[in-house]
Each structure stands twice: as structure tokens, then as C-alpha cells.
Amino acid sequence: MAQVEKRGGLLRKSSAYKKPLKEKVVLMYDEIFMTEDPSKCSPRFWEELFLMKVNLEYLEGKLESLDGEELMKIKENINCLFQHCIQALGEEHPIRVVNALQTLCALIRGVHQKNKSTSGFDIINMLMGFDKAELCMKNLMESLDSLLCAEGSESLKSLCLKLLLCLVTVTDNISQNTILEYVMINSIFEAILQILSHPPSRREHGYDAVVLLALLVNYRKYESVNPYIVKLSIVDDEATLNGMGLVIAQALSEYNRQYKDKEEEHQGGFFSALTNMVGSMFIADAHEKISVQTNEAILLALYEAVHLNRNFITVLAQSHPEMGLVTTPVGPAPATPATPLGTTPPSADDEHRLHSGKLCLIILTCIAEDQYANAFLHDDNMNFRVNLHRMPMRHRKKAADKNLPCRPLVCAVLDLMVEFIVTHMMKEFPMDLYVRCIQVVHKLLCYQKKCRVRLHYTWRELWSALINLLKFLMSNETVLLAKHNIFTLALMIVNLFNMFITYGDTFLPTPSSYDELYYEIIRMHQSFDNLYSMVLRLSTNAGQWKEAASKVTHALVNIRAIINHFNPKIESYAAVNHISQLSEEQVLEVVRANYDTLTLKLQDGLDQYERYSEQHKEAAFFKELVRSISTNVRRNLAFHTLSQEVLLKEFSTIS
């Protein structure tokens, strides 16, 4: 007997003399693409259609192959198919429901391909008809809501979420997707929350649910009242917030694991030794970058949760068991897809890593501004071990991970900011990221000053990093000034030192910490002298940097006063005691003995900052970010992810 092969909806016998036979479902699709109503000749047409295994590739391809005019001719049949799909969602027979869901995916994606300005038809009219659109979408959303909340098949729930993701991401700019107006009116917010709060559902579907919610929150968020924003902002159910935190933590943990695996692949051998020896000032410009898919969708979900819902801060620690924090979740952690939706391929990594870095710093900015979050971060009774990735650099050894100190979480945030500062001084200087990094540190200091929190932290590492950053700006003045106003960043760094000088006695842990601050300023006086010379030169010239440089000149007044006051006294002490080079303790002795005669100027506004505002400052960034995520989600919702094989196995007992 001749073997039968299946290709593109055709049943082909191995004999070359016989015409290929089309499978029955393809023949039925062809009838829909005629202008006649297919149920006229076959009254049971629609009933039979949803018993047939869907051929997604053929159906979507057929829709894409027609031009706008041809599609308009079969509009009635398309409307009919869409409506019968929705009706089939209410059937008891699960195979019909599965086929209806998959058919809807193909219909929505296929028709949307035609939604160009030249096509001459509206997408809603093409799929449902204007007169029936409201009722159609109401019925569709109610059916999806019921399926997501029911006790039934997990595979059906998965398919419902995939359909919703398909619906949301068919356009790159989701705010131009007019069908989403009906998703706003007929909310599925509670269904998403139920998935996140119920451990079995969360393990199966938590990832898709969180990505879907992040996208829905961004629909026309600046133009109208988005009910998903309103509802997310007031969620206070602990199980739901913990569920969302677990999903996000698992996805980010998986990213970290992949990065660590890649890093280990790059270690060892001659090349590794050579690159470590040569150094890493321009490490990010090297050809051998460790490339891992960036998960922007999950970062967006984390941002929206932190930005919109102040209750979410309480779960940030509880949801990270892999870091050795607080609690271990009950039951297994939720699964993250092999190729997660909304991830950016490594090939497009550079620009997206900058976007991801910016988004991470925006998240930390929101946390650093929040009074409740700060109280949690600075709580001495809540100590954690946080293992941070530290880039190998020539002037430091790789830190051992075994004996991590247990400290308030704010110490980990400050460590992360210091790590960023020392590892990103490179030719393609990420000025915007540096500004955000320094702002995070400043906001944390403002809280400590306001609440008189004496944090036991190795501040000297921060001071050293800031001074090295100033040195980098000065040594690369010409190259950097061609692209950036480096004086904005220099002013922020100088004012951080002014914050420590003016208010350090209220938040530094001990009097000796304040002495160490003066020691660092005096020890590195040459860097501050060089900075003063540079800004004085530019502020006395009538160039474009005159005003910006002048602000730095004025901000240096107290630092210069400290240097000019103590340096002569240190030199005198050395001369009197016949010491060529003083020890740190000897310098500190001079400092302590001469505080009384030091005169400093009171500088206003050091503990003030402009609060973060998404709409006014970051709207363009988020629109572009959501567009990128939408494209990647759509790409990863490939045909094979909608495969029926698992579903048919699950329902194999049904006749």
C-alpha cells in the first residue's frame, strides 16, 4: 500500500501519477473563502468544522494571500466563522473548544496582516461586523474568563492565554489595536489574579498571565483611563502579590542562571587569562560579550507592579528564595518557557541591554523614592544575603560567594550601584544610565538623612567609585563632551560628596566614618583639584559649557575648603615630626584635631530631588519598549506553540 505523506494541508500518495488530495478541513476552509454561505449546502458545516483538527498554517496563509478587496468579498463568511468560533467556546466537547480557540488565533493574526491603510477596511468590521462587534467581544471575553477561572483543563487555559496574547500583540503598537477597547470594557483582570494566586495554575500559566497583564496595563495608558492600571494599583491580596512576585523572581532567576552558565563557558584558558590581564575599562566594547536573551517583558511587569502598587514591595524579598532571602515558597516555583515570550534574541542584544539596564534603574528609582519601600530596605531587623554578580577586573580579585554578610537590603542596592559605576566606564559611555545610578544613591541618602538612619555600610567603596568616575570624565573630556554634557553628572557626584559633608553626621554610622570621608577627600585631592581646573577653564570661556561648568565650580567650594584647610596642617605635622609619608591614622589624627577651625558654607537643596514621572519624562521610552515586547511576544507565539498534540493526548479518552 502506498505511503501517505501530509504537506501544507495536502494528502499526497507516493505515486507520482495521482493528484494530491486535500485533507477535509482544508476543503472546508476553501468553502469559507468562497462568496457563498458554506452552510447552505451543508447545514452541519459549522458543527463539523470544529471537530476537525485545525490547520493553522493553511488558514493563516490563505488569509494573508488575499488582498484587501478579495477579503472584503468574503467578509460575511469571515464574520460567520468568527461568531461560530465564539459559540463553540461554550460547547461541552473540549475538542470543539480547542479548535475554536486555535481558529480564532489564525483568524485574528491572518486578518490583521491586511490591516494596512491601503486595504480599505476596518479590522473590527472585517472580523465581526460593526453591528455585532460589541456583543461578539462581550461573549468572547466572558467565555475566555469562564475557561480561565474553571477547574477544567490546564491545556485549555494555556490556549486561552495564548489567544489573548495573540489578540493583544497583533499590532506592534498595542495602543493602535482598537479591539483592545473591548478587552478594557470586558475585563479579565480577576481571572489573571486567580491564576497568580492559585499555585497549580500559577506554575502552569503564571508567566503568560504576568506578560499579558504587563501589556494590557500599557494600552493607551496616557490617553485614557485604563481599568487594568486602576485595578492593579489597589490589589492588596497577599497570595496574589506573592504569586506575581514568584513568577517574576523565577523568570529573572532563570536569566541569572543562563548568564552564569555562559560566564563559566567563557572562563579558563589563555584567552580568559589575557582578557583579565589586559583589563576591563572598555570591557563592554570587547567582541567576546556574554550574550543571553534579555527578558524585557518580565522587567516591564516588575516595573508596573512596583510603580503602581505600593503593597508589592513587601513581596520583593519573599519571592527570591534562590538568593537566600526570608522565606521559601510553598510548592515548586512556576515554570518559565524555554523561549520566554517577550525576550529579546541575543543577536539584537546591545541596544536591548541598554533598555533593560535603563528599566532596572527606573525600577530602583521608584523603590528609592517610596517611603514604605525605604523603611523595608533599611530595616535593621530584616537582614539578607544577596549574591551580586561582579565582573572580573584586573585590579580586583573575584570575590568569594561563600561568606556573604547578612545586611539590610539597601546595602545590596548600594553595592549594585557601586558595581555599575566601576564597570561601565567605557568608550560608548552610557551617560543616561550613570545619571540614573547616581540619582538612586542620592535618593537613598535623602531618606537616611531625613529619618536619621545610621547604616553600617562600607561607604569608602562608594566614595572611591565616585572619585574614579570623576577621573574618567576628566581623562576623556574631549571624547565625552562631543556627545554628552558631562557636567550634569559631575555636579551630581560633587553634590553627593556635599551631602556627606553637610549631613553625614546625621546618617554615617560612627564619628570615625565622618573622619574617613575627610581622609578620602584629602587623599584624592589631586582629582578634585584637576576637576576644579577643568570647570574653571570652561566656565571662564564663552563656550556652550560655560553655565554647566560654572555650577560645578560653585559646588566644589566646600570640598576645596576642606583640602585647603587640612593639607597645610598635614604637611606641617609631617615636617615637625620628620615623617616623609604619613599613615592613615596619622592623617586622621590631624583631621580630628583641626575640625574646629574649618569653615564651610551651607549649601541649600542638597537633600531635595525631582520625583520620578513616567508620563512626562519616560513616555517615549515605554512606548518603544512595549512595541519591542509586543513584537517579540508575537514572534514567540509560533505555530508549534499552538500545537494540538498535547491537547489531543489530554482529551484522548473523549470519543
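Residue numbers count from 1 along this sequence.
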**Message:** Any non-hydrogen side-chain atom of Leu246 less than 4.5 Å from a side-chain atom of Gln250?
**Reply:** no

**Prompt:** Does His307 have any ring-ring contact (aromatic ring centres under 6.0 Å, His included) partners at least two apart in sequence or in another chain, and if so, which?
**Reply:** Tyr303, Tyr612

**Prompt:** How long is the gap from CD1 on Ile192 to CD on Gln194, to the nearest 0.5 Å?
**Reply:** 11.5 Å

**Request:** Measure the spacing between NZ of Lys24 and CE of Met52 and express it to the nearest 0.5 Å.
**Result:** 4.0 Å

**Message:** Testing the basics here: between Glu296 and Ser356, what is the closest heavy-atom pair and its distance to 0.1 Å?
**Reply:** CG-OG, 3.6 Å

**Given Leu167, Leu140, Leu81, Asn99, the one that forms side-chain contact (heavy atoms from CB on, under 4.5 Å) with Leu104** = Leu140

**Asked** Has Lys221 got its NZ or CZ under 6.0 Å from the middle of the six-membered ring of Phe622, at an angle within 45 degrees of the ring axis?
**Response** yes

**Message:** With rounding to the nearest 0.5 angstrom, report the CG to CD1 distance, Asp145 to Ile188.
**Reply:** 7.5 Å

**Asked** Closest heavy-atom contact between Leu637 and Cys166?
**Response** CD1-N, 3.6 Å

**Prompt:** Which pairs count as ring pair (Phe, Tyr, Trp, His ring centres under 6.0 Å) when at least one residue sits in residues 132-182, sequence neighbours excluded?
**Reply:** none

**Message:** One pair to check against side-chain contact (heavy atoms from CB on, under 4.5 Å): Asn177 and Val183. What are the steps and the verdict?
**Reply:** CA-CA 11 Å; Asn177 186 352; Val183 182; over 6 Å; no

**Fill in**
Only residue of Thr169, Leu148, Leu159 satisfying side-chain contact (heavy atoms from CB on, under 4.5 Å) with Leu164 is Leu148

**Prompt:** Does Phe621 have Lys358 sitting over its ring (NZ/CZ under 6.0 Å from centre, angle to axis within 45°)?
**Reply:** yes

**Asked** At their closest point, which heavy atom of Lys75 faces which heavy atom of Gly129, and how far apart are they?
**Response** NZ-CA, 4.1 Å

**Message:** One pair to check against side-chain contact (heavy atoms from CB on, under 4.5 Å): Leu215 and Tyr228. What are the steps and the verdict?
**Reply:** CA-CA 10 Å; Leu215 289 168; Tyr228 291 85; over 6 Å; no

**Message:** When you measure from the side chain of Ser630 to the backbone of Val168, do you find a donor-acceptor pair of N or O atoms at a distance under 3.5 Å?
**Reply:** no

**Asked** Taking 4.0 angstrom as the limit, do Arg109 and Glu64 come out as a salt bridge?
**Response** no

**Asked** For Ser628, does its backbone N or O pair with a side-chain atom of Asn632 as donor and acceptor, under 3.5 Å?
**Response** yes

**Prompt:** Okay, side chain of Asn77, backbone of Met34: is any donor-acceptor separation there less than 3.5 Å?
**Reply:** yes

**Side chains of Pro38 and Trp46 in contact at under 4.5 Å (non-hydrogen atoms)** = yes

**Prompt:** Which is it for Ile362 and Glu618 under the side-chain contact (heavy atoms from CB on, under 4.5 Å) test, yes or no, and what are the steps along the way?
**Reply:** CA-CA 10 Å; Ile362 289 174; Glu618 309 295 348; 4.2 Å; yes

**Asked** Is any side-chain heavy atom of Val306 closer than 4.5 Å to a side-chain heavy atom of Ile313?
**Response** no

**Complete:** Interatomic distance, CG@Asn636 vs NZ@Lys162, rounded to 0.5 Å, equals 10.0 Å

**Message:** Can you tell me how far apart CG (Leu127) and NZ (Lys132) are? Round to the nearest 0.5 Å.
**Reply:** 13.5 Å

**Prompt:** Any side-chain donor paired with an acceptor under 3.5 Å for Asp37 and Ser39?
**Reply:** yes

**Message:** Assess whether a salt bridge exists between Arg257 and Glu254, defined as any Lys/Arg side-chain N lying under 4.0 Å from an Asp/Glu carboxylate O.
**Reply:** yes

**Request:** Output, in order, the C-alpha distance, side-chain angles, deciding distance and verdict of side-chain contact (heavy atoms from CB on, under 4.5 Å) for Phe33 and Leu66.
**Result:** CA-CA 10 Å; Phe33 286 97; Leu66 301 177; 3.6 Å; yes

**Asked** How about Glu614: does its CD atom have over 12 heavy atoms from other parts shown lying under 6.0 Å from it?
**Response** yes

**Nearest atoms (heavy-atom pairs only) where Ile95 meets Leu51** = CG2-O, 4.5 Å

**Message:** Ignoring hydrogens, what is the shortest heavy-atom contact between Ser65 and Glu70? Give both atom names and the distance.
**Reply:** O-OE1, 4.3 Å

**Request:** For residues Ser158 and His205, determine if any side-chain heavy atom of one lies less than 4.5 Å from a side-chain heavy atom of the other.
**Result:** yes

**Asked** Side chains of Leu213 and Phe189: closer than 4.5 Å at any heavy-atom pair?
**Response** yes

**Prompt:** Nearest heavy-atom pair of Ala297 and Ala214: which atoms, and what distance?
**Reply:** O-CB, 4.3 Å

**Request:** Determine whether Met28 and Glu48 make a side-chain contact, defined as any pair of heavy atoms from C-beta on separated by less than 4.5 Å.
**Result:** yes

**Asked** Is Lys138 salt-bridged to Glu142, going by a charged N under 4.0 Å from an acidic O?
**Response** yes

**Prompt:** Less than 4.5 Å apart, any side-chain heavy atom of Ile123 and any of His112?
**Reply:** yes

**Prompt:** Do Val25 and Lys53 have side-chain heavy atoms sitting under 4.5 Å apart?
**Reply:** no

**Prompt:** Sub-3.5 Å donor-acceptor pair from the side chain of Arg96 to the main-chain atoms of Glu47, do we have one?
**Reply:** yes

**Fill in**
dist Asn139:CG -> Cys85:SG (nearest 0.5 Å) comes out at 13.0 Å

